[in-house]
Amino acid sequence: MDILFLGIIIFLFVLAVFDLSVGVSNDAVNFLNSAIGAKAAKFKTIIIIASVGVFAGAAMSNGMMEIARHGIFRPEHFSFYDLICIFMAVIVTDIILLDIFNSLGMPTSTTVSMVFELLGAAFVIALIKMWGDDSALSLMDLLNTEKALSVILGIFLSVAIAFVFGTIVQFITRAIFSFEYKSRLKWKIGIYGGLATTAIIYFMLLKGVKDMSWMTPEARQYINDHTAAILGCSFVACTLIMQLLHALKVNVLKVVVLIGTFSLAMAFAGNDLVNFIGVPLSGFASYQDYMANGSGNPYDYTMGALNGPADTPLYFLIGAGVIMVVALATSKKAQNVSKTEIGLGSQNGGDEMFGSSRIARRIVRTSISIHSWAQRHIPRKVRMWIDRRFDTTRTQAEQGASFDLIRGSVNLMLAGMLIAAGTSMKLPLSTTFVTFMVAMGTSLSDRAWSRESAVFRITGVISVIGGWFITAAVAFIGAAIIAALMHWGGAPVMILVAIVAIALIIRSNLRFKAKKQEDRGDAMFQAILSSDDKEQTWDLLKIYIATQQKHFLQFASTTYTDITDAFIRDDVKPLGRADRALYKEKELLKNERRKETLCLRRVDADTAIEKSAWFHLANNSCMSMNYNLRRITEVCKEHVENNFRPLPESYRETFLPIRDSIINALAQAQALVENGDVKAIISLRKECDLIKDTISRECHGIYDHLRNGATGNLTVAYVYLNTLQESQEMMSGLRKLLRATSKLRSNDPVARVGAA
């Protein structure tokens with residue numbers, strides 16, 4: 001049994017290494033986005049500064065380990081075996097969650113998952129102990145409910161606190177500096193830089209260094225007694241240094257953003273390290289205590305030793321820091337950070353790829369009503385002053401940046417301070433929650449959410465927050481189920497669960513590689529958004545549109561083949577798959593329409609006006625063809641599912657040549673939307689007309705056949721007629737798509753006339 005427990009501890013540490021590397025890669029967006037979005041420095045420079053911050057934060061995170069030891073449950077009432085089940089359930093559930101959420105493309109939070117996994121596993125083990133124990137222990141005795149409640153409230157209140165603080169602080173900062181800030185720095189920049197740097201010294205050093213294992217009680221007492229003096233001296237010194245740098249033509253705001261990146265990376269490591277190694281270290285401490293003092297019965301030996309302070313050896317913290325730094329520097333995920341936060345907060349129009357929801361529309365409408373009320377009651381001179389300070393047309397952001405350095409610095413400083421404050425109070429605030437909501441608050445203050453983009457961005461925010469709540473629920477339930485299974489099943493279940501976790505790690509890595517291949521056109525889309533050359537933007541957009549149209553036509557051809565084959569063979573499964581694929585393609589087309597519309601805004605105004613009608617015609621044609629395919633699928637699926645008579649042989653013989661000609665037309669169109677050969681497009685459009693005529697003759701023949709009282713099954717005849725009619729409409733859609741393609745890609749007036 002002892003060998004099994006040793007193997008479990010080793011397994012926990014192996015998964016901790018995986019969690020460290022994957023976790024820092026996924027969460028790198030938390031402390032990199034503001035510096036990247038504001039273009040404060042080269043990407044490599046930002047990574048180096050963040051790496052130093054991560055390493056420093058890891059070395060200072062010792063105090064946070066107590067959350068995993070006794071922050072959720074009371075270890076003196078749990079046996080060694082109970083805690084092994086809890087810790088094993090937590091780490092395995094974390095792996096399963098990571099795999100599921102990565103597969104679904106949903107956001108998750110390592111802090112939320114760790115806390116709710118501990119709570120779920122401890123809760124079910126507590127219920128099991130109460131069920132079979134006559135000592136009258138209550139749930140309050142077994143769980144540290146007061147601390148657990150404060151941790152949970154701290155996590156979720158941080159959403160509102162971060163958003164409110166982000167909105168207020170950014171409003172004040174923008175009112176002081178305005179968007180045309182470069183001419184207003186003078187003496188203000190020294191004070192601003194001094195405040196920002198002093199905040200780092202207070203929250204990062206005073207709060208962090210005091211918890212270091214090498215700090216003596218005398219040194220801690222000295223810091224407590226002289227905090228005000230240290231901060232006062234720091235503010236004066238930092239203000240003078242920042243003012244001097246400004247006088248020497250150094251961009252102080254870039255310095256502040258880079259210092260903020262360091263501080264936020266440091267706060268991330270200091271706060272989130274417990275999410276990755278807190279559980280394995282607690283398991284290791286339990287194993288050491290059991291081996292040293294245990295009676296040999298893991299079911300009876302209680303773990304009151306975990307109530308002591310978490311004196312984590314420095315080499316564990318340094319080792320964790322090294323792993324995190326290596327992951328940050330080498331991970332492709334970290335080098336290709338998520339565009340979600342940058343897109344939702346972009347000042348110049350971001351990637352509004354989040355659709356529209358009813359709640360978002362209601363929030364926007366309510367906000368507009370409140371804004372109208374405020375405008376009626378705020379004095380006119382005050383409104384004019386605010387409008388001058390918040391005139392977004394005068395923005396002085398760096399070239400290609402999504403927002404300016406003022407907002408980038410507020411994002412980083414405020415998020416770092418809030419996270420460090422929570423860390424100093426031993427509350428595991430979610431860095432994802434705080435940084436994301438601070439960024440949303442600052443973007444709202446900066447009027448980055450226009451009426452055209454607000455509904456999409458609010459939907460995006462709601463989706464992200466919803467993902468966090470789903471994380472909490474799934475983490476609690478999943479850890480509870482796994483802990484119960486292992487507690488009752490013993491060693492065989494533990495081994496089985498470990499094998500499943502390893503398999504999921506391998507599967508998750510394979511899926512990540514596959515997902516990179518699926519993200520079609522993303523690099524091209526980002527290149528269009530970042531291009532400042534309007535002529536180049538239009539050239540890139542034509543290529544981007546052609547690529548998306550080619551993918552759709554390929555999809556349409558394959559799906560049409562699968563649908564008709566399934567109907568002819570009377571096979572329902574391919575029809576079900578096609579139905580789901582068509583719905584996904586519909587959402588993808590809507591997504592691409594929003595992307596392309598966003599790109600069209602960045603081309604020359606005359607070109608955009610001239611081409612917009614053909615751009616919308618092309619997109620509408622694709623949507624129409626998708627609808628035709630869905631109508632064919634729905635009717636055929638219902639027919640086959642009800643086990644009605646299959647398509648007669650006489651109908652098959654006449655339909656197959658028509659189908660082959662349609663598939664051939666779709667295949668030709670794939671090449672033409674790419675090369676834009678006007679003559680070939682004219683020829684293919686005529687061929688589409690011939691196919692439509694052939695379908696019309698076939699339909700008239702069936703009508704005549706039915707009117708003449710021909711015997712046969714009317715149900716299958718109507719399904720066949722629906723297939724023909726929708727196929728005919730699909731050819732009309734293809735003709736319109738080809739015409740729009742010709743107009744979009746050709747600048748030759750003669751060619752345009754010919755294509756008409």
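Count residues from 1 along the sequence. Side chains are part of it too, since the values below use all heavy atoms of this structure and drop only hydrogens, waters and symmetry mates.
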Student: Taking the side chain as every heavy atom from C-beta outward, state whether Ile96 and Val92 have any atom pair closer than 4.5 Å.
Tutor: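 Counting from C-beta outward, Ile96 and Val92 do come under 4.5 Å.
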
Student: Rounded at 0.5 Å granularity, tell me how far CD1 in Ile470 sits from CG in Leu97.
Tutor: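 With rounding to 0.5 Å, CD1 (Ile470) is 11.0 Å from CG (Leu97).
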
Student: With rounding to the nearest 0.5 Å, note down the distance linking CG in Leu142 to CZ in Phe78.
Tutor: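 Leu142 CG to Phe78 CZ: 5.0 Å, rounded to 0.5 Å.
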
Student: Let me have the donor-acceptor pairs involving side chains of residues 161-171, under 3.5 Å, with sequence neighbours excluded, atom names and distances please.
Tutor:
| residue | atom | partner | partner atom | Å |
| --- | --- | --- | --- | --- |
| Thr167 | OG1 | Phe163 | O | 2.8 |
| Thr167 | OG1 | Gly441 | O | 3.4 |
| Gln170 | NE2 | Asp446 | OD1 | 3.0 |
| Gln170 | NE2 | Asp446 | OD2 | 3.2 |

Student: Could you tell me which non-hydrogen atom of Ala439 sits nearest to which non-hydrogen atom of Asn411, and how far apart they are?
Tutor: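 Result for this residue pair: CA-OD1, 3.6 Å.
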
Student: With a 4.5 Å cut-off on side-chain heavy atoms, are Phe262 and Leu258 touching?
Tutor: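 Leu258 vs Phe262: side chains apart.
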
Student: Test Ile259 against Val255 for side chain to side chain contact (heavy atoms under 4.5 Å, CB included), laying out the working first.
Tutor: CA-CA 6 Å; Ile259 293 174; Val255 174; 3.8 Å; yes

Student: Is a donor on one side and an acceptor on the other found under 3.5 Å between the side chain of Ser445 and the backbone of Thr442?
Tutor: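 Checking the backbone N and O of Thr442 against the side chain of Ser445, no donor-acceptor pair under 3.5 Å is found.
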
Student: So Phe116 and Thr471, do their side chains get closer than 4.5 Å, heavy atoms only?
Tutor: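 Not touching, per the 4.5 Å side-chain cut-off.
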
Student: Minimum heavy-atom separation for Phe390 to Arg174, with atom names?
Tutor: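 For Phe390 versus Arg174, the nearest heavy atoms are CE2-CG, 3.4 Å.
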
Student: Side-chain contact test, heavy atoms from C-beta onward, threshold under 4.5 Å: evaluate it for Pro280 versus Leu15 and give yes or no.
Tutor: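 When only atoms from C-beta onward are counted, Leu15 and Pro280 do not touch, as no gap falls below 4.5 Å.
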
Student: Heavy atoms, side chains only, cut-off 4.5 Å: are Ser234 and Thr197 in contact?
Tutor: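 No - every pair of side-chain heavy atoms lies 4.5 Å or more apart.
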
Student: Quick one: CD1 on Ile230 to CG on Asp225, what's the gap to the nearest 0.5 Å?
Tutor: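 Between Ile230 CD1 and Asp225 CG, I get 9.5 Å after rounding to 0.5 Å.
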
Student: Test of understanding: with side-chain hydrogen bond (donor to acceptor under 3.5 Å, both in side chains), list the residues that count as partners of Ser178, not counting sequence neighbours.
Tutor: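 If we apply the side-chain hydrogen bond (donor to acceptor under 3.5 Å, both in side chains) test to Ser178, skipping adjacent residues, the hits are Arg184.
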
Student: Side chain to side chain contact (heavy atoms under 4.5 Å, CB included) for Phe13 and Leu281? Distances and angles first, verdict last.
Tutor: CA-CA 8 Å; Phe13 274 104; Leu281 285 177; 3.9 Å; yes

Student: With sequence neighbours excluded, tell me which residues meet ring-ring contact (aromatic ring centres under 6.0 Å, His included) with Tyr192.
Tutor: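 ring-ring contact (aromatic ring centres under 6.0 Å, His included) list for Tyr192, sorted by chain: Phe177.
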
Student: CE/Met486 to SG/Cys85 distance, rounded to the nearest 0.5 angstrom?
Tutor: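 Here the rounded value is 5.5 Å.
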
Student: Do Ile191 and Phe235 have side-chain heavy atoms sitting under 4.5 Å apart?
Tutor: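 Yes; the side chains approach each other to less than 4.5 Å.
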
Student: So which heavy atom on Ala40 is nearest to which on Val257, and how close?
Tutor: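 Scanning both residues, the minimum pair turns out to be CB-CG1, 3.5 Å.
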
Student: So Phe284 and Phe316, would you call those rings parallel, tilted or perpendicular, with 30° and 60° as cut-offs?
Tutor: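 Perpendicular, since the angle between the ring planes exceeds 60°.
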
Student: Ile86 versus Leu118: any side-chain heavy-atom pair under 4.5 Å?
Tutor: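 They are in contact (side-chain heavy atoms under 4.5 Å apart), so the answer is yes.
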
Student: Within a 6.0 Å radius of atom CZ on Arg383, are there more than 12 heavy atoms belonging to other residues, nucleotides or ligands?
Tutor: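 For Arg383, atom CZ is crowded (more than 12 foreign heavy atoms under 6.0 Å).
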
Student: Ignoring hydrogens and angles, tell me if any N or O in the side chain of His487 forms a donor-acceptor pair with the backbone of Ala483 under 3.5 Å.
Tutor: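 Here the side-chain-to-backbone pair does not exist.
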
Student: What verdict does the side chain to side chain contact (heavy atoms under 4.5 Å, CB included) test give for Leu83 and Leu306, after you've listed the backbone C-alpha separation in whole Å, the side-chain angles of each residue and the deciding distance to 0.1 Å?
Tutor: CA-CA 11 Å; Leu83 290 192; Leu306 290 186; 3.5 Å; yes

Student: Taking all heavy atoms of Ser51 and all of Val325, pick out the closest pair and write down the distance.
Tutor: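 Looks like O-CG2, 3.3 Å.
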
Student: Partners of His77 by ring-ring contact (aromatic ring centres under 6.0 Å, His included), sequence neighbours excluded?
Tutor: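 ring-ring contact (aromatic ring centres under 6.0 Å, His included) list for His77, sorted by chain: empty.
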
Student: For Ala121 versus Val90, what's the shortest heavy-atom pair and its separation?
Tutor: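 Smallest interatomic distance, heavy atoms only, reads CB-CG2, 4.4 Å.
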
Student: Looking at every heavy atom in both Ser113 and Ala475, which two are closest together, and how far apart are they?
Tutor: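 So the minimum-distance heavy-atom pair works out to O-CB, 3.8 Å.
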
Student: Checking Thr93 now: which residues fulfil side-chain hydrogen bond (donor to acceptor under 3.5 Å, both in side chains) with it, not counting sequence neighbours?
Tutor: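 Applying side-chain hydrogen bond (donor to acceptor under 3.5 Å, both in side chains) to Thr93 gives none.
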
Student: Working to the nearest 0.5 angstrom, can you tell me the gap between Thr261 OG1 and Lys254 NZ?
Tutor: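 Taking OG1 in Thr261 and NZ in Lys254, the distance rounds to 12.5 Å.
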
Student: Side chain to side chain contact (heavy atoms under 4.5 Å, CB included), that's the test. Do Ile189 and Met242 meet it? Break it down for me.
Tutor: CA-CA 7 Å; Ile189 190 62; Met242 293 300 173; 6.0 Å; no

Student: For the atom pair CG (Leu418) and OG (Ser158), what is the distance rounded to the nearest 0.5 Å?
Tutor: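 So the CG of Leu418 and the OG of Ser158 are separated by 8.5 Å.
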
Student: Residues in side chain to side chain contact (heavy atoms under 4.5 Å, CB included) with Ile318, at least two apart?
Tutor: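 Partners of Ile318 by the side chain to side chain contact (heavy atoms under 4.5 Å, CB included) criterion, ordered by chain and then number, come out as Phe55, Leu314, Val322.
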
